[in-house]
Amino acid sequence: MSSPFDNALTRADNVITDVMMSVYVINGKKYKAALDETPKVMGGNYSDDYLINGTTRTLTLFRASGYKPKLGDVITTKTGEYVVRGFSFEDGKIVLQLE
């Protein structure tokens, strides 16, 4: 039997899934996940001559989704495709690093 706290966590996860996550296709199968795109600036000094601009992209989904991450998996979105280049597990979630 689950505790009231566990039941509350499950309800919260369900709300997050329904409200904050979108559907992404990973290797042809649909999963609910959240995409994060963060600007990234790299450079050793403040001179514009040596700055490299880019974007860090991650896709986060619950481990309970059943998805088993593998390097090279293809994620299809409405705007394009990404490839899994790394992943980690954090507090019941899977965080995919995309390229």
Side-chain angles (χ1 to χ4, degrees):
M1 180 177 237
S2 297
S3 72
F5 181 75
D6 289 336
N7 291 336
L9 284 178
T10 299
R11 287 193 310 271
D13 287 348
N14 290 338
V15 169
I16 290 168
T17 300
D18 291 341
V19 174
M20 297 178 66
M21 295 183 158
S22 300
V23 174
Y24 293 89
V25 179
I26 304 175
N27 294 333
K29 188 173 178 186
K30 294 180 181 180
Y31 295 93
K32 283 261 192 149
L35 180 67
D36 180 42
E37 296 183 322
T38 305
K40 188 81 167 177
V41 177
M42 297 175 278
N45 58 36
Y46 296 104
S47 169
D48 289 338
D49 296 338
Y50 299 103
L51 292 179
I52 299 172
N53 294 312
T55 303
T56 300
R57 288 182 183 86
T58 59
L59 190 69
T60 303
L61 55 157
F62 287 111
R63 289 182 82 165
S65 69
Y67 170 66
K68 305 289 187 221
K70 292 187 300 282
L71 299 179
D73 282 353
V74 176
I75 288 95
T76 305
T77 69
K78 294 176 185 175
T79 58
E81 284 189 355
Y82 301 101
V83 177
V84 174
R85 293 296 181 210
F87 58 88
S88 60
F89 300 98
E90 300 174 17
D91 296 327
K93 295 179 292 298
I94 304 166
V95 181
L96 306 175
Q97 291 83 40
L98 306 181
E99 182 177 283

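These numbers were taken from a predicted model, which means no experiment stands behind them.
- Side-chain contact between V84 and L59 is absent, with no heavy-atom pair separated by less than 4.5 Å.
- In this structure, L98 CG and D36 CG are separated by 10.0 Å, a value rounded to the nearest 0.5 Å.
- Taken from NZ in K40 to OG1 in T56, the straight-line distance is 5.0 Å, to the nearest 0.5 Å.
- Although no hydrogens or angles enter the test, the distance criterion places a donor-acceptor pair under 3.5 Å between the side chain of Q97 and the main chain of F87.
- Of the inter-residue distances, the one linking D73 atom CG with K68 atom NZ reads 12.5 Å to the nearest 0.5 angstrom.
- Atom-to-atom distance recorded for T60:OG1 and L96:CG is 7.5 Å, nearest 0.5 angstrom.
- Put simply, CZ on F62 and CG on N14 are 8.5 Å apart, with the number rounded to the nearest 0.5 Å.
- Transitive grouping of hydrophobic side chains (ILVMFWY, heavy atoms separated by less than 4.5 Å) brings L61 and L71 into a common cluster.
- With hydrophobic clusters built from ILVMFWY side chains whose heavy atoms lie under 4.5 angstrom apart, F89 shares a cluster with I75.
- For the salt bridge (charged side-chain N to carboxylate O under 4.0 Å, His left out) condition, the pairs that include at least one residue of residues 90-99, sequence neighbours left out, are R85-E99.
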Open item on the list: One pair to check against side-chain contact (heavy atoms from CB on, under 4.5 Å): N27 and V74. What are the steps and the verdict?
Closed with: CA-CA 5 Å; N27 294 333; V74 176; 4.1 Å; yes
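- In this structure, I94 and P69 approach most closely via the heavy-atom pair CG2-CG, 4.0 Å.
- Using a 4.5 Å cut-off on side-chain heavy atoms (C-beta onward), K32 and V23 make contact.
- Within 6.0 Å of the CZ atom in F5, the count of heavy atoms belonging to other residues, nucleotides or ligands does not exceed 12.
- M20 and Y67 end up in different hydrophobic clusters when Ile, Leu, Val, Met, Phe, Trp and Tyr side chains are linked at under 4.5 Å.
- Inter-residue side-chain proximity for Y24 and T76 is flagged as unmet; no heavy-atom pair is nearer than 4.5 Å.
- Atoms OG1 and CG, from T77 and L35 in turn, are 7.5 Å apart once rounded to the nearest 0.5 Å.
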